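Worksheet: one structure, shown below.
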Amino acid sequence: MEKITSKKLWKAGLILGAIYLCITYLHEIGAFIGTLLGVLSPLITGCITAFVLNLLMKRLESWYFPHSQNQFVIKSRRPVCIFLSMLTWALILALICTLVIPELVSSFALIGKEIPPTLEWLYHFVSDNLDGIPSLQQLLLNLNLNWSVLVQKLISYISLGVGDVINTALAVITGVFGLLTNLLIGIIFALYLLLDKERLLRQFSRLFEAHLKPKKYQQFLRLMRTANESFSSFIVGQFTEAIILGLLCTAGMFLLRLPYAAMTGAVVGATALIPIVGAYIGAGIGAFMILTVDPMKALFFLIFLVILQQIEGNFIYPKVVGTSVGLPGIWVLAAVIVGGGLFGILGMVLGVPLAATIYKVLKNRVSRKLDRPAKQEGAAPPENSAGES
């Protein structure tokens with residue numbers, strides 16, 4: 001039986017004490033973590049932005065005169081590729097906004113124009129078809145509704161709450177300004193990370209190498225490489241899947257002669273970046289747009305997109321994303337369900353690459369443990385085998 005040393009007792013006591021403090025002060029620790037994440041949010045945004053930009057930047061650097069020895073080319077390679085990467089993402093975002101926003105504005109304008117006649121028709125329809133309830137019919141007829149007066153009353157009622165509306169608007173503007181400020185700081189931080197990423201990686205590598213044992217350091221490096229590979233493959237696979245779904249949605253809507261095909265396909269593709277359920281968000285926006293033109297076509301669109309989403313969620317997504325991250329389809333669905341249940345949309349987005357990282361690490365550990373006894377068993381002493389033969 002292994003002897004229990006005082007050092008082990010101290011470690012166990014510290015762990016139990018830490019668990020007790022975490023349980024006792026759970027609310028305070030949660031509040032502190034929330035505050036800390038709020039303070040670090042620009043840096044976290046910068047790291048995520050740098051990671052996404054780096055995927056395209058590496059590809060562009062491999063195309064930007066890779067074998068040239070010209071000093072101007074060598075020095076300009078990184079800044080030019082960063083700029084082209086940012087420009088590419090900006091153009092994609094601008095294209096989506098160009099396809100979506102004008103149509104969305106026109107739909108709201110059309111709805112605002114159609115509301116008064118619809119209410120008028122509904123009033124007359126109800127009043128003319130309530131023969132079975134004469135008292136209610138007489139009540140509606142006696143109302144003699146004047147829609148212009150009702151609109152004026154509604155405006156005066158809204159004006160009473162102008163103060164609250166202004167306060168709410170100021171709060172929204174302040175929140176948007178803070179969000180834009182954090183985003184700008186994050187982008188600047190991402191640029192610094194990308195411009196000097198090799199030196200930063202060397203510094204962190206030396207830091208961990210100096211404070212970890214060689215075996216632990218090698219395990220840490222393997223874990224980081226696996227995580228980087230999983231997250232990179234996931235982002236590429238997710239964008240590929242979103243493009244496929246957007247194109248299929250657009251093509252299907254053209255074949256079914258549904259309106260707003262290009263716009264709806266762009267929205268569905270953009271929202272499909274949220275795993276599994278993102279396309280349903282795009283479906284709601286698309287159905288709302290088509291509803292302004294023809295309610296029956298909106299119903300057909302919803303039926304079409306439900307079928308398309310079932311095909312995408314059960315066949316395309318697990319194959320495209322699961323294959324790219326090296327994760328079986330069943331675990332992709334499990335990661336999305338568990339991540340979404342725990343952390344919402346963010347959990348859905350990060351659940352698949354995290355699950356892929358854990359899956360690969362466990363797979364490698366199991367393979368090493370199972371292969372080691374097999375190698376030892378296969379390495380039989382040569383004299384025994386010679387004597388047997």
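For clarity, every value in this text was computed on a predicted model and none was experimentally measured.
The CD1 atom of Ile243 lies 12.0 Å from the CG atom of Leu248; values are rounded to the nearest 0.5 Å. Atoms CD1 and OH, from Ile74 and Tyr64 in turn, are 11.0 Å apart once rounded to the nearest 0.5 Å. Distance CG/Asp196 to CZ/Arg202: 8.0 Å, rounded to 0.5 Å. With rounding to the nearest 0.5 angstrom, the OG1 atom of Thr49 is 12.0 Å from the CG atom of Asn54. If you take CZ on Arg365 and CG on Leu370, they are separated by 12.0 Å, rounding to the nearest 0.5 Å. Note that the CG atom of Leu194 and the SG atom of Cys81 stand 11.0 Å from one another [nearest 0.5 Å].
For the pair Glu229/Thr226, no side-chain contact is recorded, criterion being any heavy-atom separation below 4.5 Å from C-beta on. Side-chain contact check for Thr45 versus Asn182: every heavy-atom pair is 4.5 Å or farther apart. Side chains of Leu308 and Leu305 form a contact here, defined as non-hydrogen atoms less than 4.5 Å apart. Within the 4.5 Å cutoff, the side chain of Leu184 has no heavy atoms near those of the Leu180 side chain. In this structure the side chain of Phe65 never reaches within 4.5 angstrom of the side chain of Asn70, judged on heavy atoms. No side-chain heavy atom of Phe208 sits under 4.5 Å from any side-chain heavy atom of Leu221. Inter-residue side-chain proximity for Met57 and Lys197 is flagged as met; some heavy-atom pair is nearer than 4.5 Å. Side chains of Met253 and Ile290 form a contact here, defined as non-hydrogen atoms less than 4.5 Å apart.
A donor-acceptor contact under 3.5 angstrom links the side chains of Ser205 and Tyr217, judged on distance only.
Val338 and Leu362 are assigned to two separate hydrophobic clusters, defined by single-linkage of ILVMFWY side chains at heavy-atom distances under 4.5 Å. Under the 4.5 Å side-chain contact rule for hydrophobic residues, Met224 and Leu212 share a cluster. No path of Ile, Leu, Val, Met, Phe, Trp and Tyr side chains, each step under 4.5 Å between heavy atoms, connects Leu201 with Ile82, placing them in separate hydrophobic clusters. Linking Ile, Leu, Val, Met, Phe, Trp and Tyr whenever their side-chain heavy atoms come within less than 4.5 Å puts Leu84 and Leu195 in one cluster. Leu91 is connected to Phe83 through a chain of hydrophobic side-chain contacts under 4.5 Å among Ile, Leu, Val, Met, Phe, Trp and Tyr, so both are in one cluster.
By the side chain to side chain donor-acceptor pair (under 3.5 Å) test, Thr240 pairs with no residue at all, sequence neighbours left out. By the salt bridge (Lys or Arg N to Asp or Glu O under 4.0 Å) test, Arg78 pairs with Glu61, Glu198, sequence neighbours left out. Partners of Asp294 by salt bridge (Lys or Arg N to Asp or Glu O under 4.0 Å), not counting sequence neighbours: none found.
No donor-acceptor pair closer than 3.5 Å links the side chain of Thr264 to the backbone N or O of Ala261. Remark: the backbone N or O of Arg59 is paired with a side-chain donor or acceptor of Ser62 at under 3.5 angstrom. A donor-acceptor pair is defined here as one N or O able to donate and one able to accept, closer than 3.5 Å; no such pair exists between the side chain of Thr24 and the backbone of Leu21. Using a distance-only test at 3.5 Å, with no hydrogens or angles considered, a donor-acceptor pair links the side chain of Asn364 to the main chain of Lys360. Not one N or O on the side chain of Ser68 forms a donor-acceptor pair closer than 3.5 Å with the backbone of Val73. Checking side-chain atoms of Gln238 against main-chain N and O of Ala272 turns up a donor-acceptor pair under 3.5 Å.
For Met86 against Leu53, the heavy-atom pair with the smallest separation is CG-CD1, 3.8 Å. Gly282 and Val267 make their closest contact through CA-CG1, 3.8 Å (heavy atoms, listed as atom of the first residue, atom of the second, distance).
The local environment of NZ in Lys363 is sparse, with at most 12 non-hydrogen atoms from other residues, nucleotides or ligands closer than 6.0 Å. Around CZ of Phe51, the count of heavy atoms belonging to other residues, nucleotides or ligands within 6.0 Å exceeds 12.
Between Trp89 and Phe239, the two ring planes are tilted [angle within 30° to 60°].
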